[in-house]
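Written out below as structure tokens is the structure these notes cover.
Proteins come first, then strands; the chains are lettered A, B, ... in the order of their sequence lines, and each starts at number 1.
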Amino acid sequence: MAQITLTLPDKSLLEVEPGSTAQQVAEMIGPRLAEDAMAAEVNGEVVDLTIPLEQDATFAVLTFDDPGGQRVYRHSIAHVMADAVLRLFPQAKPTIGPAIEDGFYYDFDVPEPFTEEDLSRIEAQMHHIIDADAPFIRREVSAQQARDLFADNPYKIEMINDLEEEGEQQISLYQHGEFVDLCRGPHLPSTGKMGAFKLLSVAGAYWRGDEANPMLQRIYGTAYPNAQMLEEHLKQVQQALQRDHRKLGRELGLFTFFEEAGAGLVYYHPYGAMLRQIVCDFTVQQHLKRGYQLVRTPHLIKSDIWETSGHAQQGYPMYYTDVGGQSYGIKPMNCPGHILIYNSKTRSYRDLPIRYFELGTVYRHERGGVLHGLMRVRGFTQDDAHIFCTPDQLAGEITGVIRFAQDMLKAFGFEEYSVYLSTRPPKAMGSGEVWERATEALTDALDMTGMEYELKPGEGAFYGPKIDISIKDALGRLWQGPTIQCDFNMPERFDVTYIGEDGQPHRAVMVHRVVLAGIERFLGVLIEHYGGNFPVWLAPVQVKVLPITDRNLEYAHQIVSQLREADFRVEIDEAPATLQAKIRDAELMKIPYMLVVGDREQESGQVAVRSREAGDLGPRPLPDFADLLKKETGPKGANR
RNA sequence: GCCGACGUAGCUCAGAGGUAGAGCAGGUCACUUGUAAUGACCAGGUCGUCCGUUCGAAUCGGACCGUCGGCUCCA
């Protein structure tokens, strides 16, 4: 019988017997590879190692190093977990259990929520299943057969019906031991191939993420091929916890939330307020450089305006106040205010583009359950701007905003980000032509800046397409960053126009855009990104002067005044403590520079410099240190 | 909003149906110190709030407030 030819990832060719399984091919390539194999990729499709290969194909063995291999591995463990859960809780109805970023989960409908103690019992049961080394067996059945099999599980029935509607002829099942699950696969060859895993937490989750649906119980876990990798991952999670902005916020004296004063409302302490001010000042400055005009609008606006904007009717979670028989709404957005200013006089096409910028503080009654430190609050300040322009100016304006966003992110030390373009959703206002034109402008702008982006078809708001950028922090986590949003709705509602060359009024194009998005969240991200070790230009306290004895106090104060005179942020530690203790305190506060001044320095008129990063740098004259400091006080990539 | 867990001193935490404990932080005093914690003493809590059960509640029950983990990741 003729051999079939497999093309391996390195483009080399391998001749094998038809009907050889992927596992066998992996063994031919190398025993080590066969050992590590999780699944195979045949003609670009991830498949079970047990499938026989019948014709020429491209072929790759997937190990845990491949995202596809990871998914197969973790999803297989999710099956084992479901098996274990059913053994311990026979009345549980399994629903779905995918692999996710760092692990996997499985959702169950159970009469009683799982407890933390249940997790260890489930883990123990899982170990039994893994030890039994049961093979995963794939079967295909008709939709009706599948329905019969899962007759007592309405969730599986729903999924089977959906699959049938989507035109699937055959429904695939995977079985290991006694446990059968509806599953697309692929899976590991057998449960014995599983290494290290850990169940992490239980949480409620709605069926298909919709709160109209029943709430299921979700068990999260993570899994790695061996115990060392698992340990390593758990250690990284621990480290991430160390730089949690809520922890650092307390330790570094940045901010507090007061239970008695309201959830989601931030109180900035002196160091936090300083940090915030530095960020805000820089932001304002950068906007002015780019032709934005500062405006300022009230926090309170008559409710009539919120009727016009539509927020009131939509039940937007706003705060209202009634005084003197008049209803006011506290602004959840800055746009209506900016529109009022725009509409305060007739605008000519010659005036456009108009770019109004405001550090606008807004309040939104976010649901209790979603509040999260600085990342999700009820009162926050946006670096908000609205650009009013002609349709022709749109692409150019968007390009400008994208470049602006890039510069800003770079200045704050964010090197990596992902860009998304969201287009027209099924339910949208405005004509197809308007949408097309705007989407084209956004696409052109993205192309012009040469950024790579991901298309999210149908994910735009009903009132316009948008570009959003997620920023990646030092630990590789993604955060919502800049967004640029076209709006066809507000200009209609508020009748925003300009007089064109033809002397006729035209509808102006309106772009909402934020770069830092919310200052609060941005500070949260910044804190975690730097782990509290802010670069000199952002550090609330840049220098701490540490006099060794009382004899050196006066000299130390002279140093402080001179540095303050030069606009540095300096403090002095006058406590009657040892130098070691003072250094420790300053280090814990993550202050970039410490200046030790004792008798020696006083006599020679110098300061002994210690840096947060490099430790003792030795004595030098104060002006030398000031020069060194000045060199570090600018943000990277932005002129200041 | 929903599911679960949690709430004890400024912070980190121990304790537990019979009237609250440690370390750090804070204050006082002594020490005047050379690159990550000097020592001694002192003070500090209506055990988140309210209502109930009980002879007695910080401990048990309920409600509320707040915090934490989740609520897109398709079989």
Side-chain angles (χ1 to χ4, degrees), chain A residues 71 75 78-79 82 94-101 104-107 110 112-116 118 143 146 150 153 155-164 166 168 171-174 180-185 200-220 241 244 246-247 250-251 253 256-264 317 365-373 459 546-553 575-589 594-601 608-612 614-619:
Chain A
R71 273 197 297 276
H75 181 53
H79 272 231
T95 65
I96 61 166
I100 53 174
E101 177 92 26
F104 60 90
Y105 68 77
Y106 209 115
D107 286 348
V110 275
E112 290 288 318
F114 299 111
T115 64
E116 297 287 327
D118 291 337
F150 293 102
N153 186 325
Y155 305 96
K156 298 285 180 189
I157 298 286
E158 187 179 323
M159 287 187 276
I160 295 163
N161 291 343
D162 286 354
L163 288 169
E164 195 177 33
E166 284 162 25
E168 293 288 327
I171 305 292
S172 60
L173 306 174
Y174 275 81
V180 188
D181 203 356
L182 190 69
C183 186
R184 183 176 50 193
L200 300 171
S201 61
V202 207
Y206 297 103
W207 166 238
R208 299 198 151 164
D210 185 341
E211 54 192 86
N213 288 336
M215 177 153 279
L216 308 172
Q217 292 301 315
R218 174 172 298 179
I219 300 177
Y220 281 98
L241 241 45
D244 187 305
R246 292 164 297 188
K247 176 177 145 76
R250 191 174 51 243
E251 291 173 355
T256 310
F257 293 90
F258 294 103
E259 174 181 351
E260 66 272 31
H365 190 75
E366 301 289 356
R367 304 153 117 206
V370 303
L371 299 176
H372 178 94
E459 301 257 313
L546 311 178
I548 292 181
T549 75
D550 291 350
R551 291 189 301 279
N552 316 118
L553 275 180
T578 58
L579 177 63
Q580 286 96 319
K582 291 181 183 189
I583 287 173
R584 185 181 141 86
D585 286 348
E587 290 280 358
L588 289 175
M589 290 300 283
M594 287 145 268
L595 297 184
V596 176
V597 291
D599 295 338
R600 295 207 293 264
E601 287 72 25
V609 181
R610 179 187 165 96
S611 115
R612 177 181 61 190
D616 192 354
L617 299 180

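Atom P of B:rU19 sits at a distance of 49 Å from the matching atom of B:rU72, rounded to the whole Å. The gap from the P atom of B:rG10 to that of B:rA5 amounts to 27 Å, rounded to the nearest Å. Distance check on atom C1': B:rG39 versus B:rC55 gives 49 Å, rounded to whole Å. B:rG27 and B:rA43 have their C1' atoms separated by 7 Å, with the value rounded to a whole Å. Across the C1' atoms, B:rU53 and B:rA9 are found 29 Å apart, a figure rounded to whole Å. Rounded to whole Å, the P atom of B:rC68 lies 14 Å from the corresponding atom of B:rC13. When the C1' atom is used for both B:rU54 and B:rG18, the distance is 12 Å, rounded to whole Å. Straight-line distance between the P atoms of B:rG1 and B:rC60: roughly 25 Å, to the nearest whole Å.
Residues A:Ile96 and A:Trp207 approach most closely at CG2-CZ3, 4.2 Å, considering heavy atoms. Taking every heavy atom of both residues into account, A:Arg208 and A:Asp162 meet most closely at NH1-OD2, 2.7 Å. Nearest heavy atom pair, residue A:Arg184 against residue A:Ser172, reads CA-OG, 3.6 Å.
Between the CD atom of A:Glu116 and the P atom of B:rA5 there is a distance of 9 Å, rounded to whole Å. The CD1-P distance, from A:Ile583 to B:rU38, rounds to 11 Å in whole Å. Here B:rC29 presents its P atom at 13 Å from CG of A:Asp550, a figure rounded to the nearest Å. If you take CG of A:Leu546 and P of B:rA36, they are 12 Å apart, rounded to a whole angstrom.
With the nearest nucleotide of RNA chain B identified for both A:His365 and A:Gly618, A:His365 has the one nearer the 5' end.
For the pair A:Arg610 and B:rG34, the criterion of a side-chain N or O lying under 4.0 Å from OP1 or OP2 is not met.
The side chain of A:Arg551 lies closest to B:rU32, out of B:rU38, B:rG4, B:rU32. For A:Ala608, whose side chain is taken as the heavy atoms from C-beta onward, the closest listed nucleotide among B:rG34, B:rU33, B:rG1 is B:rG34.
Pair assignment for B:rU53: none, as no Watson-Crick or G-U wobble contacts are both less than 3.5 Å. Pair assignment for B:rC6 gives B:rG66, based on Watson-Crick or G-U wobble hydrogen-bonding distances that are each under 3.5 Å.
Defined by atom type and a distance below 3.5 Å, a donor-acceptor pair is missing between the side-chain atoms of A:Asn213 and A:Tyr155.
We find that A:Asp616 and A:Arg610 are not joined by a salt bridge, their nearest charged nitrogen and carboxylate oxygen being 4.0 Å or further apart.
The base of B:rG4 has none of its N or O atoms less than 3.5 Å from a complementary donor or acceptor on the side chain of A:Glu112.
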What string of B, S and - do you get for nucleotides 65-75 of chain B, 5' to 3', when a contact is any protein heavy atom under 4.0 Å?
BSSSBBBSBBB
